[in-house]
Amino acid sequence: MSKSPPQAGEFTGRHMLAIMVAFFGVIITVNITMAVFATSTWSGFVVRNSHIAGLEFNDKAAAAQAQAALGWTSQASVADGQISFTVHDADGKQVVLADGTATFRRPVSDTEDTVATLLPGPGGSLVAPVELRDGSWIVEFNVSAATGTPWHEMERLLLREGQSR
C-alpha cells in the first residue's frame, strides 16, 4: 500500500508539529517577557533590614507621639518646578522652618526616587526646585523648625501638568 500525498485542506503530522511548536513558543515567550518585567521594575524592598527597622520602631513611635502633641499641621505643593512646604502651629500661625529634605518616591517603583534639599523661603516656608513627571508621588519630609524642633511628614501628591492637585 502506498501512501497518497496529502490533499488540500488535509491535516498532517507536520501541521500538528507546527501547531505545538507555535503554542509552546508563545507560552515560553510570554513567560520570559513577564520575568524580565518583574525583575527590572520594583525591587519589592520596603526596608533594607527588617531587624533594624523593628528595633527602631519604639523610638519612631515616641517621636510620632511627641510630634502629634504639638498640634501642628503641614502642607506641601508643587508649582512652576518648585516644591513648597509649610507648617502651621495649633493656633494657625506659620512655623518658621530652618532646613530639611524632601524625598520623592513613586508608589510602585524606585527608578525615579529623588531627594531635594529644602531651603528657607517666603514667610518661613521651605522651598526647592524639582523636576518631576506627572503622576502619583509619595513625599517624605524631614525638616527642622528654626527653634530646633524636628518635623517628619509623609504626603501623597498627584501632579498634573507640573502642578499638585
Side-chain angles (χ1 to χ4, degrees), residues 26-165:
V26 167
I27 299 242
I28 290 168
T29 301
V30 168
N31 284 337
I32 289 172
T33 302
M34 296 299 281
V36 167
F37 283 137
T39 59
S40 65
T41 57
W42 187 47
S43 66
F45 282 121
V46 175
V47 294
R48 297 288 177 209
N49 188 329
S50 58
H51 176 70
I52 298 298
L55 294 175
E56 295 172 347
F57 178 79
N58 289 339
D59 294 337
K60 289 181 179 180
Q65 288 174 345
Q67 180 173 309
L70 294 172
W72 293 3
T73 58
S74 65
Q75 182 178 4
S77 64
V78 175
D80 302 322
Q82 178 174 285
I83 178 91
S84 177
F85 184 71
T86 57
V87 175
H88 292 85
D89 65 16
D91 297 326
K93 296 178 186 170
Q94 188 164 337
V95 175
V96 176
L97 302 174
D99 60 6
T101 60
T103 304
F104 296 87
R105 295 182 186 96
R106 289 288 196 177
V108 294
S109 172
D110 58 2
T111 58
E112 295 181 71
D113 290 0
T114 185
V115 177
T117 301
L118 300 168
L119 300 172
S125 66
L126 293 176
V127 296
V130 291
E131 292 183 28
L132 302 171
R133 293 187 329 147
D134 286 352
S136 184
W137 291 91
I138 297 171
V139 189
E140 182 176 2
F141 296 96
N142 286 300
V143 303
S144 294
T147 61
T149 305
W151 183 260
H152 176 84
E153 183 78 25
M154 288 184 79
E155 293 191 23
R156 192 170 200 133
L157 293 177
L158 179 62
L159 299 182
R160 285 201 183 123
E161 297 176 3
Q163 311 287 322
S164 55
R165 305 283 178 208

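We number each residue from 1, following the sequence as shown. The structure displayed is predicted, hence computed values, not measured ones.
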Test your reading of the model: is there a side-chain donor-acceptor pair from [X] to the backbone of [Y], 3.5 Å cut-off?
X: D113; Y: R105; result: no
X: D91; Y: K93; result: no
X: R160; Y: R165; result: no

Working to the nearest 0.5 Å, report the span between [atom1] of [X] and [atom2] of [Y].
X: Q94; Y: Q75; atom1: CD; atom2: CD; result: 9.5 Å
X: S77; Y: I83; atom1: OG; atom2: CD1; result: 6.5 Å
X: L119; Y: S125; atom1: CG; atom2: OG; result: 10.5 Å
X: E153; Y: N142; atom1: CD; atom2: CG; result: 10.5 Å
X: H51; Y: E56; atom1: NE2; atom2: CD; result: 10.0 Å

Using every non-hydrogen atom in the two residues, find where [X] and [Y] come nearest and quote the distance to one decimal.
X: A116; Y: P129; value: CB-O, 4.5 Å
X: V139; Y: A102; value: CG1-CB, 4.0 Å
X: S136; Y: L158; value: N-CD1, 4.0 Å
X: V127; Y: Q82; value: CG1-NE2, 3.7 Å
X: T86; Y: H88; value: OG1-CE1, 3.9 Å

Validation row: [X], [Y] side chains within 4.5 angstrom (heavy atoms):
X: F141; Y: S74; value: no
X: L118; Y: L97; value: no
X: Q67; Y: W72; value: no
X: V95; Y: T147; value: no
X: R106; Y: I138; value: no
X: D99; Y: S144; value: yes

- Query: So F104 and W137, would you call those rings parallel, tilted or perpendicular, with 30° and 60° as cut-offs?
  - Reply: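 F104 vs W137 ring planes: perpendicular.
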- Query: Going through the distances and angles, do D80 and Q163 end up as a side-chain contact (heavy atoms from CB on, under 4.5 Å)?
  - Reply: CA-CA 7 Å; D80 302 322; Q163 311 287 322; 3.7 Å; yes
- Query: What's the verdict on side-chain contact (heavy atoms from CB on, under 4.5 Å) for L132 and T114, showing C-alpha distance, side-chain angles and the deciding distance?
  - Reply: CA-CA 9 Å; L132 302 171; T114 185; 4.0 Å; yes
